[in-house]
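From a predicted model like this one, the values you see are computed outputs, not experimental measurements. Excluded from the calculations below are hydrogen atoms, water molecules and symmetry mates; all remaining heavy atoms, backbone and side chain alike, are included. Start at 1 and go down the list; that is how both ligands and their atoms are numbered.
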Amino acid sequence: MADSFSGMLKPMHPNNTSHLNNLDSIQASMEKLRAELNEHNYRYHILAAPTIPDAEYDKLFQQLVTLEAQYPQFKKLDSPTQRVGAPPLKGFTELVHVVPMLSLENGFTNEDVQDFEKRIQDRLKPLIDFTYACEPKLDGVAVALIYENGIFSLGATRGDGVTGEQITENLRTIATIPLKLQLNGPTPKLLEVRGEVFMPKEGFRALNEKAIAQNEKVFVNPRNAAAGSLRQLDSKVTAIRPLSFYAYGLTRLEGLNLPVNTQHEQLAQLKKWGFPVCPENQVVQGISACLEYYQKLLAKRHDLPYEIDGIVYKIDDITLQDRLGFVSRAPRWAIAHKFPAEEALTELLAVEFQVGRTGALTPVARLKPILVGGATVSNATLHNMDEIERKDIRLCDTVIVRRAGDVIPEVVGVVLEQRPSQVQRILLPKHCPVCGSDVIREEGEAAARCMGGLGCSAQLKESILHFASRRAMNIDGLGEKLVNQLVDIHMIKTVADLYHLTTAELAALDRMGQKSAENLTESVEKSKKTTFPRFLYALGIREVGETTARILTAYFSDLSALMAADNEHLQKIPDVGPVVAQHIVTFFRQAHNLEVIKHLLAAGIHWPTVKGTHHASLPLAEKTFVLTGSLLSLTREEAKEKLIALGAKVSESVSKKTSFVIAGNDAGSKLAKAETLEVPVLDEQELLALFKKYRQ
Ligand code: IVH
């Protein structure tokens, strides 16, 4: 639970129960304690606004556990103590759905969606402009939750739509599913709610990280992880899985008449009863507004804290829904407009090993080409040998390839059922495929490395590309093909040689014109005027990225001081741990590196001396920023760079530790989270004012 709170609910302490000789009052205090704990759960998990500290919650919880052990006759199903899991089951009991759990028609293109509207219009003449409830299609597991007299009593999976499996005990462990309805009015005799159980991305990442640390099998994606977690016979296992729930439908309501006539009113009513509902849901007018909503969410997809695989458009008016009815197994009044799939199955043809800048060998899968995430993929990373082992991937296997947004395509798993009888294991080569040097995998390291150093042309090429890259020395016109050529014909042996290339030499190369040669030498010349952090980053010291380079240069005003620093000294700098410190020391002890630095400086590389400021004295030291949405006058990258230069940390996700969120246009869930956590939010103008103040 969170460690801060905004105000106290009146706590109730049924201490000294021994003096209560009256069983009725014990029962009453247990009831009150349950109500209070359920309220705190709701405030914490659904409103994200706890009103008591964790320790206080734990104390109340413990009191209830003790009382329930002493007076088991007063134990109730809606008790928060039931969320920790019940004794294991032998198997799941079936449940026949009173209202079948249907599926949705899928649409993939705008035309599919327009056809959908046309079909509805044909049925519902005269024509009207429809109102649609647009909802993200959550990528999890559909469940039905039944509440009898306001208490959660039964929960089931969809199964084949007619018969599902009762997974009540498992569902009870999910903190965002209310065990008891929050009631201000009369209690419905019976309520059935439909919704999606899912695993938030962050929980999925942490779960897999733990599995990796314990050498266990990892889940392929959050949906599989959610499904696997719900299928546990032992609900204590489910209880420790990071699952969540969003309600998207009210299916049955008995013993209560409510003025609920639309999908969005249904969801509002569910919210009042304490159910979490997806905050992205929106009511729009007309199908073109649906398509706009689709584009908006498609752009936001990777920033959402949970996975979605499309948008569901539902006719909002329930009377119209009823008039439209169903075809076979799907309603006529809704359609799922799918996003391009981010995962696909294909065959693993071969594995090759690529050698990176630091010599690390990355296994790369050569795949039978496949369309995924909107592009044809024929290569994907397998990360490292441990991952191959853990996922048990062999040559000729059918594999699951994932391409999500800008992320490099990766092989996330294998379909064991489709494994051919003859498959070969993937072996780490003993020698570098590029230079033939030994390949060594050091104890405790995931990566195996080529020991050839800059004598290995692959490492040399990657080092040059890194040195010249935009955020390092920013040498324009030095692309991969040219670097390959220059290294292969031995025109460049170290990065320092770049500064001795002449226009005439370059112009004589294959596929190189006079103009390009001139541009390149000009760009090389221009790069001599740089900054200390850029130069340090360009050297390519292991684990010294841009941020570390900035921190180091804030401590050491000149290069010779940094080069002379020992391990102990370096570790005194915040964010420099023993590993980074060792890499820095090792780098500056190697004679060939010192030689290259000498040549670079002799060639005229220079930077303005900034008086050594200790990082802690920079104006935004100790402050953490999160950038979200798009900025008008600069890119997010530029804003990030400026913030880092002022000593700030820039993080990807909002937490209580975030000092400020910078919200640009179309800021999404991060802004919402900042608001719930009461993190101060600055707009672009305020950010610019901050830069101006500190002359950035
Ligand atoms: S409504 C009769 N709304 O999509 C309509 N379904 O093929 C029933 N899903 O497995 C579904 N997000 O679990 C609806 N906002 C949403 C949804 C949603 C995800 C899933 C659902 C089912 C599948 C339908």
Side-chain angles (χ1 to χ4, degrees), residues 97-108 112-113 116 120 132-145 155-165 167 171 174 176-177 192-200 221-227 229-231 243-252 262-271 275-284 290 293-294 296-298 300-301 304-318 320-339 341-342:
H97 297 295
V98 175
V99 179
M101 286 182 85
L102 302 171
S103 57
L104 290 166
E105 179 197 341
N106 284 331
F108 297 93
D112 291 345
V113 175
F116 156 76
I120 302 178
Y132 289 96
C134 297
E135 302 173 4
K137 186 166 186 297
L138 306 157
D139 205 3
V141 180
V143 296
L145 309 175
T157 59
R158 175 168 179 265
D160 61 5
V162 177
T163 312
E165 281 177 330
I167 50 163
L171 292 169
I174 300 175
T176 43
I177 293 183
E192 181 169 341
V193 175
R194 302 264 168 97
E196 198 88 349
V197 169
F198 59 93
M199 189 174 286
N221 55 37
R223 179 170 31 82
N224 283 14
S229 303
L230 278 185
R231 223 181 288 121
L243 295 173
S244 198
F245 172 79
Y246 277 145
Y248 54 64
L250 192 168
T251 307
R252 287 196 291 154
T262 59
Q263 166 71 11
H264 79 270
E265 283 167 1
Q266 277 193 2
L267 296 186
Q269 177 58 53
L270 288 175
K271 240 171 139 168
F275 291 94
V277 169
C278 179
E280 306 296 333
N281 293 350
Q282 204 175 313
V283 179
V284 306
C290 288
Y293 175 89
Y294 176 93
K296 192 176 91 181
L297 268 281
L298 183 59
K300 211 173 167 185
R301 176 184 197 183
L304 293 175
Y306 43 84
E307 292 218 327
I308 63 174
D309 61 346
I311 304 294
V312 187
Y313 310 130
K314 302 175 179 174
I315 291 279
D316 196 35
D317 186 322
I318 292 170
L320 292 182
Q321 286 186 4
D322 291 343
R323 276 177 59 195
L324 287 162
F326 302 87
V327 251
S328 64
R329 312 198 50 213
R332 282 201 188 87
W333 44 264
I335 188 168
H337 189 182
K338 300 290 287 269
F339 289 151
E342 294 191 321

Trainee: Identify the protein heavy atom lying closest to atom 10 (O) of ligand 1, giving its residue, its atom name and the separation to 0.1 Å.
Mentor: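 Atom 10 (O) of ligand 1 sits closest to the protein heavy atom Ala142 CB, 3.7 Å.
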
Trainee: Report the distance from atom CG of Leu267 to atom CG of Leu250, rounding to the nearest 0.5 Å.
Mentor: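 Reported to 0.5 Å precision, the distance equals 8.5 Å.
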
Trainee: Determine whether a donor-acceptor pair (N or O, by modelled atom type, separation under 3.5 Å) exists between the side chain of Tyr132 and the backbone of Val312.
Mentor: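 Not confirmed, Tyr132 side chain does not pair with Val312 backbone.
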
Trainee: Just to confirm my output: which protein heavy-atom neighbour is closest to atom 12 (N) of ligand 1, and how far is it?
Mentor: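 Residue, atom and distance for the closest contact: Leu138 N, 3.0 Å.
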
Trainee: Please report the interatomic distance OH(Tyr313) to OH(Tyr293), rounded to the nearest 0.5 Å.
Mentor: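 It comes to 9.0 Å.
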
Trainee: Minimum distance, heavy atoms only, to atom 7 (O) of ligand 1: which one of Val143, Ile311, Leu104, Leu102 is it?
Mentor: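 That would be Leu104.
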
Trainee: Just need the protein heavy atom nearest to atom 2 (C) of ligand 1, so name the residue and atom and give the distance.
Mentor: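 Among all protein heavy atoms, the one nearest atom 2 (C) of ligand 1 is Pro331 CG, 3.5 Å.
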
Trainee: Below the 3.5 angstrom mark, is there an N/O of Arg158, backbone or side chain, next to an N/O of ligand 1?
Mentor: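 Among all N and O atoms of Arg158, none is under 3.5 Å from an N or O of ligand 1.
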
Trainee: With the threshold set at 4.0 Å, does a side-chain nitrogen-carboxylate oxygen contact exist between Glu307 and Arg223?
Mentor: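 Judged by the 4.0 Å cut-off on N to carboxylate O distance, Glu307 and Arg223 do not form a salt bridge.
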
Trainee: Can you name the side-chain contact (heavy atoms from CB on, under 4.5 Å) partners of Glu165, sequence neighbours left out?
Mentor: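 Listed in chain order: Phe92, Thr157.
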
Trainee: Can any side-chain N or O of Asp316 pair as donor or acceptor with the backbone N or O of Gln263 at less than 3.5 Å?
Mentor: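 At least one qualifying donor-acceptor pair exists.
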
Trainee: Does even one non-hydrogen atom of Pro136 get within less than 4.0 Å of ligand 1?
Mentor: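 Pro136 counts as a contact of ligand 1 under the 4.0 Å cut-off.
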
Trainee: Does some non-hydrogen atom of Lys314 fall short of 4.0 Å from ligand 1?
Mentor: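 Yes, Lys314 has a heavy atom closer than 4.0 Å to ligand 1.
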
Trainee: Which of the numbered atoms in ligand 1 are below 4.0 angstrom from a heavy atom of Glu135?
Mentor: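 Heavy-atom distances to Glu135 below 4.0 Å select 3 (N), 15 (N), 16 (C).
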
Trainee: Checking a contact table here: which protein heavy atom is nearest atom 6 (N) of ligand 1, and how many Å away?
Mentor: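 Of the protein heavy atoms, Tyr248 CZ, 3.5 Å lies nearest.
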
Trainee: To the nearest 0.5 angstrom, please state how far the SG atom of Cys290 sits from the CD atom of Gln282.
Mentor: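 The distance works out to 10.0 Å.
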
Trainee: Give, for atom CD1 of Ile318 and atom CH2 of Trp333, the distance between the pair rounded to the nearest 0.5 Å.
Mentor: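 Here the rounded value is 8.5 Å.
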
Trainee: For ligand 1 and Ser103, I'd like to know whether there is a polar contact (N/O to N/O, distance under 3.5 Å).
Mentor: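 The answer is no, given that Ser103 and ligand 1 share no N or O pair closer than 3.5 Å.
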
Trainee: When you measure from atom 9 (N) of ligand 1 to every protein heavy atom, which one gives the shortest distance, and what is it?
Mentor: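 Result: Glu196 OE1, 3.7 Å.
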
